[in-house]
Amino acid sequence: MITLTIDNQKIAVEEGTTILEAAEKLGIKIPTLCYLKDINVIGACRICVVEVQGAKAYVPACVAPVAEGMVVRTNTPAVIKARKLILELILSDHPMECLTCVRNQNCELQKLAEAFGLTEIRFEGEKTSYPIDNSSPAIVRDPRKCVLCRRCVAVCTEIQTVNAIQAQERGFNSLIAPAFNEQLANVECVQCGQCSLVCPTAAIHEVDDTGRVWEALADPKKHVIVQTAPATRVQVGETIGAEPGSIVTGQMVAGLRRLGFDKVFDTDFTADLTILEEGNELLQRIQTGGTLPMITSCSPGWIKFAEHFYPDLLPHLSTCKSPQQMFGALAKTYYAEKAGIDPADIFSVSIMPCTAKKYECTRPEMKSSGYQDVDVVLTSRELGRMFKQAGLDMANLPEEEYDAPLGISTGAGEIFGASGGVMEAALRTVYEVVTGKELPNINFTECRGLTGVKEATVQVGDLPVKIAITNGLGNARKVLDKIRAGEADYHFIEIMCCPGGCIGGGGSPIPTDTEIRLKRIDATYTEDERMALRKSHENPAVNELYQEFLEKPLGHKSHELLHTHYTKRNRYQEEEC
Amino acid sequence: MATCSCCCGEDELTKQLDKIIEPYRGQPGGLIQVLTKAQELIGYLPKWALISIAKGLGLSLQDVYGVVTFYAFFSLIPRGRHKISVCAGTACYVKGTKMVTKTLREVLGIKPGQTTPDSRFTLEVVRCIGACGLAPAMIIDGKDVHGRLEPEQIPQILEQYA
Amino acid sequence: MKSLDELAKIRDSRRAALKIREGVPSATEKAHIMMCGGAGCISSKCTDIVEAMKECLAKNGIADQVQIILTGCMGPCDMGPVAIVYPDATFYRRLKVKDAEAIVEEHILKGNPVQRLLYRTPGAKEPTRCVHDIDLFKKQKKIVLRNNFYIDPTSIEDYIARDGYAALAKALTQMEPGEIIEEVKKSGLRGRGGAGFSTGMKWGFTAAAKGSPKYVVCNGDEGDPGAFMDRSVLEGDPHSIIEGMAICGRAIGSEQGYVYVRAEYPLAIERLSNAIDDARRYGLLGKNIFETGFNFDIEIRIGAGAFVCGEETALLTSIEGKRGEPRPRPPFPANAGVWGKPTVLNNVETWANIPEIILKGAEWFSTIGTEKSKGTKVFALAGRINNTGIVEVPMGTTLREIVFEIGGGIPRKKLFKAVQTGGPSGGCIPADYLDTPVDYDSLGALGAIMGSGGMIVMDEDTCMVDIAKFFIDFCVDESCGKCSPCRIGTKRMLEILERITTGNGKEGDIELLQELATTIKSTALCGLGQTAPNPVLSTIRYFRHEYEEHIKEHYCRSGVCEFKE
């Protein structure tokens with residue numbers, strides 16, 4: 001243990017603790033900007049500087065380890081003055097568009113400026129002027145607002161191992177971008193949006209599609225329907241200030257109706273459907289000697305990652321579309337037919353915790369209904385924004401139910417939102433379909449939690465099914481490299497692009513950190529237990545869908561509407577030969 | 001000098017570049033050495049070369065580009081046949097770098113960092129070339145130091161370079 | 001080469017052959033002509049003179065009796081091309097191709113030194129013939145540059161003849177690693193790169209650090225604008241670096257060294273690279289050196305043009321092939337350096353001191369210099385001064401001695417205004433402080449720094465605001481961009497200085513500059529940022545009136561700044 005003094009208070013902490021962490025233990029919150037616990041600890045912004053007795057310059061608290069007998073002062077007038085000047089400098093290179101900024105009132109830089117009482121910027125000079133990159137359907141890159149904290153780089157490189165953006169140029173011209181400042185749409189970016197989740201400002205943010213939705217809602221000719229992803233109900237509440245982990249399913253449904261959606265449906269419905277299609281695909285692959293292990297295909301960031309980085313492994317991917325796209329295809333066929341609406345008049349919106357979904361719905365193959373299956377994807381953040389614009393206080397809305405039939409779901413569909421959920425849902429169904437027996441224990445706790453790579457063997461009748469579950473693409477790599485090396489004997493692997501699964505997706509409310517992810521996961525399983533039905537194959541609406549329309553899993557119509565194919569992509573900006 | 005090369009591997013430069021990359025295959029640590037040699041080979045660092053290098057060393061193109069744009073020595077664009085580097089070390093500055101640069105700008109009609117339209121000269125202002133005794137000085141093609149420069153000498157000096 | 005005996009044999013036989021350079025006439029050779037091959041002399045076409053001399057020697061049939069050697073930089077760049085003719089150690093300056101004939105036919109054949117080519121002390125009636133009698137050199141003390149008058153830098157045997165590699169032999173066969181470190185500590189040697197940390201302590205930390213392998217690194221990324229000391233050593237005496245590093249390898253338990261040299265020094269890279277090859281061939285690098293079981297080898301890494309790579313953590317990152325961005329310390333390189341392993345990092349000049357310290361002992365070394373700054377320091381004198389070039393003086397020599405006695409004062413009877421030390425990290429020292437002894441602490445107290453050894457003299461025609469702008473401009477250009485105070489702060493300082501020097505300065509700009517400077521100094525991530533404001537602070541401190549004249553009167557007393565109304 002190391003004993004030191006911070007602001008006249010003595011404290012003993014373990015060796016290797018930083019000044020920032022030690023101060024936190026004393027209830028002293030040293031301000032930070034570039035710091036991101038465990039992910040980006042580089043001491044770049046210098047906002048967290050403190051005075052250490054005997055040191056010739058100020059010391060960055062976020063990276064400096066404590067030392068025996070150290071005497072630290074975190075808030076002398078000189079320190080505060082220095083921090084304030086650094087902030088003033090950062091703001092002198094920042095567009096003053098706060099009122100019209102997507103991160104207004106949820107911006108770390110703005111909060112610091114307010115906390116330090118910054119009322120004037122005395123420096124007029126050159127500002128960073130790289131153009132805004134809005135090439136991507138999902139993510140906007142606005143270098144003018146970048147404070148070069150490099151959190152995005154750390155997440156993209158260390159957590160996701162995509163490495164689509166890096167520090168380029170140097171000095172005042174520094175820029176975080178793909179090589180050659182190429183547009184995001186043209187590089188190996190998987191559109192996961194984890195960068196937008198950690199950006200302290202609006203230098204990287206989701207494409208705002210709320211305008212298109214408002215327009216559709218106002219168009220009397222349009223029948224506007226909406227689907228909500230499993231994870232949305234455990235995170236949208238945070239956009240209006242609810243505690244992380246609040247479950248707002250009913251209020252969200254009520255809110256969506258009040259926004260003017262004609263029908264409020266649920267992606268959980270097609271999540272259940274996915275289990276039936278994917279479960280059967282797995283069994284078929286096992287029985288017919290197909291490519292194994294089979295890997296889930298719900299996560300569009302993961303799909304794009306596989307296409308760029310592991311194109312040789314594409315045959316391992318399940319051919320099932322994601323629940324969002326299954327929903328999209330069915331909405332403009334099955335539902336249109338059933339409701340007697342011209343699919344051309346249907347405007348299909350989805351609410352997702354995800355930026356990559358915005359990209360997914362624009363993929364050229366996602367038009368199996370004859371129209372673009374899903375017209376617009378809104379992230380949880382954008383939905384929160386719409387509620388605010390409409391003056392809807394979700395906390396005071398009544399709880400309402402989803403519309404039938406595409407709003408009927410089970411707990412199995414619900415847990416898709418958490419890492420391991422797809423696997424657990426699949427096991428619940430596969431076990432009962434194969435053995436014909438009821439599961440003694442429906443909770444596969446070995447699938448749950450934030451561990452990067454989870455492995456288990458589950459006895460399904462005679463067959464010991466070997467499974468693996470990963471969240472975060474860096475963890476996916478570990479398993480994928482094993483497959484490449486021929487060292488993987490799994491049958492089925494669940495891969496989710498984002499850490500924690502969809503509840504930690506790139507379209508989630510800001511902030512999203514490990515602690516918040518855990519709370520959303522807890523809420524997900526609470527919601528699962530609250531459901532009357534918890535196994536996909538027991539979903540009556542899904543069964544009706546098969547009877548009325550699809551006939552059987554993996555049938556002809558299923559293939560047409562619910563399955564897809566993948567495209568090999570390069571990762572080096574190469575032009576075609 | 002090739003301005004374009006595709007991935008077909010037939011181009012002579014591509015083969016030579018592969019030879020440079022080979023000893024460093026899968027070793028990201030060799031990046032700066034490979035870039036230095038590649039620029040020596042090609043004269044500058046075209047995109048196709050950066051892609052080959054990234055693939056060879058097991059890096060993302062972003063990593064490679066980030067390094068290329070960090071170091072002043074690397075150039076992404078073709079340069080003129082002759083490189084004029086005006087020394088902007090302190091000794092030269094005190095003795096008249098500004099005058100030298102101004103004259104060169106006028107004579108060549110380009111700004112530092114640019115190349116004349118006939119590809120004859122590239123003008124650069126560089127860090128100290130270590131010829132402080134000859135201030136103000138410039139160095140042409142990395143080897144010919146011209147020191148104690150007076151504006152009226154400059155056109156004559158340039159005439160030596162075709 | 002395997003044994004100490006073999007080393008001694010080479011040394012003795014080569015030394016006998018080189019006696020002439022110590023002033024002993026030879027029975028078989030008439031002369032050795034040491035032509036300065038420093039950058040300045042080379043660009044003044046000294047190689048053409050060499051050719052002309054060779055031709056003339058051949059014409060006179062004495063080509064085999066005279067050796068012509070291209071040496072490293074001899075120092076007096078302003079007088080170049082210069083040469084020394086042995087055995088009588090005659091010093092010639094401002095040579096031209098047409099002088100070759102006179103030297104050969106008058107001096108070498110007839111023994112009459114060519115009077116018109118000799119050095120003349122300003123004001124003296126008679127020229128001074130012998131290099132050892134010239135004031136400019138007499139005031140100097142050569143440890144780092146001990147070999148530049150004497151050896152062919154491309155010859156390992158020349159180096160060995162001057163006791164080269166004897167220190168390595170001693171360290172390997174007569175000293176324990178701990179003793180080597182103790183010796184370096186006792187010598188009082190401090191890092192010559194600028195910060196002046198005790199070299200021996202650095203070695204001690206690295207030796208004690210957990211982790212292996214360990215690395216020895218030489219910082220040859222000399223980047224201060226106006227400094228070319230390291231270049232002179234690398235080009236003139238590359239083996240001294242190799243030997244110093246190998247000794248450290250033995251002391252800390254390292255088998256691998258890296259020399260990081262900037263790409264702008266092609267000749268230094270070539271000479272060093274050849275020297276490494278030679279050392280390997282002679283068994284002085286590689287496996288089982290002197291059959292002691294000690295292995296050590298060196299690789300060269302070429303810096304690709306980033307001043308910030310002179311900062312130690314940036315340099316180490318650059319060796320790994322990455323963007324040379326500094327990182328916070330701790331951990332220090334002694335614990336986590338190249339590839340995260342314990343690493344000793346010293347600059348070229350520091351390494352060149354090591355063999356002499358080991359060979360002659362810490363006691364000898366510590367008699368030179370001042371109480372807290374031992375040994376000598378090499379400076380690159382430039383700017384408005386008569387004797388531009390490289391000088392090596394004992395620590396404690398005053399600025400006045402360097403500028404006016406060694407440097408010969410200011411040309412054209414202009415008035416001395418300031419001397420700038422430490423490059424972009426340093427400060428400008430005005431006339432009032434000319435009697436300050438040059439050592440780490442005295443310069444620091446004046447708001448300047450020792451730095452790596454650039455010393456730029458300024459006269460009344462130099463505008464101090466413009467000079468401050470020049471240095472900040474340099475730092476803006478070279479800032480890596482990682483930390484906000486340096487990235488944005490230096491840029492804003494430059495913008496303020498730009499408006500002051502164009503007549504748009506405002507009341508309060510000086511105070512704003514000071515506020516920025518103080519904050520950048522205390523909050524920037526690395527040494528580059530923390531020292532970048534020094535030139536501004538020191539010029540405001542000593543030349544505030546010039547700033548005020550620019551702002552209030554739109555007047556530049558040096559006539560440098562142009563005011564656009």
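Computed from a predicted structure; not experimentally measured.
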Practice item. Give a yes or no on this: more than 12 heavy atoms of other residues, nucleotides or ligands lie within 6.0 Å of atom NZ of A:Lys127. Key: yes

Identify the heavy atoms of [X] and [Y] that sit nearest to each other, and give their distance.
X: B:Leu50; Y: A:Phe180; result: CD1-CZ, 3.6 Å
X: B:Ser60; Y: A:Glu188; result: CB-OE2, 4.3 Å
X: A:Tyr572; Y: B:Ala54; result: CE2-CB, 3.5 Å

**Study point:** Residue, of A:Ser174, A:Gly171, A:Pro178, A:Ala177, that accumulates the most heavy atom pairs under 4.5 Å with chain B
**Key:** A:Pro178

**Study point:** Under 4.5 Å from a heavy atom of chain A, the part of B:Leu76 involved
**Key:** side chain

Review point. In Å and rounded to the nearest 0.5 Å, what is the CD to CZ distance from A:Gln168 to B:Phe70?
Key: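 If I round to the nearest 0.5 Å, the distance is 12.0 Å.
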
Check your understanding: Which distance, rounded to the nearest 0.5 Å, do you find between the OG1 of B:Thr69 and the CG of A:Leu175?
Key ->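 B:Thr69 OG1 to A:Leu175 CG: 8.5 Å, rounded to 0.5 Å.
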
Check your understanding: Does the side chain of A:Glu169 reach to within under 4.5 Å of the side chain of B:Tyr65, using non-hydrogen atoms?
Key -> yes

Check your understanding: B:Gln62 and A:Asn163: side-chain hydrogen bond (donor to acceptor under 3.5 Å, both in side chains), yes or no, with the steps?
Key -> CA-CA 7 Å; B:Gln62 280 62 247; A:Asn163 215 335; 5.3 Å; no

Point to revise | Which portion of A:Ile165 sits near chain B, non-hydrogen atoms under 4.5 angstrom | key: backbone

Review point. Would A:Glu574 and B:Lys55 pass as an ion pair if we require N to O under 4.0 Å?
Key: yes

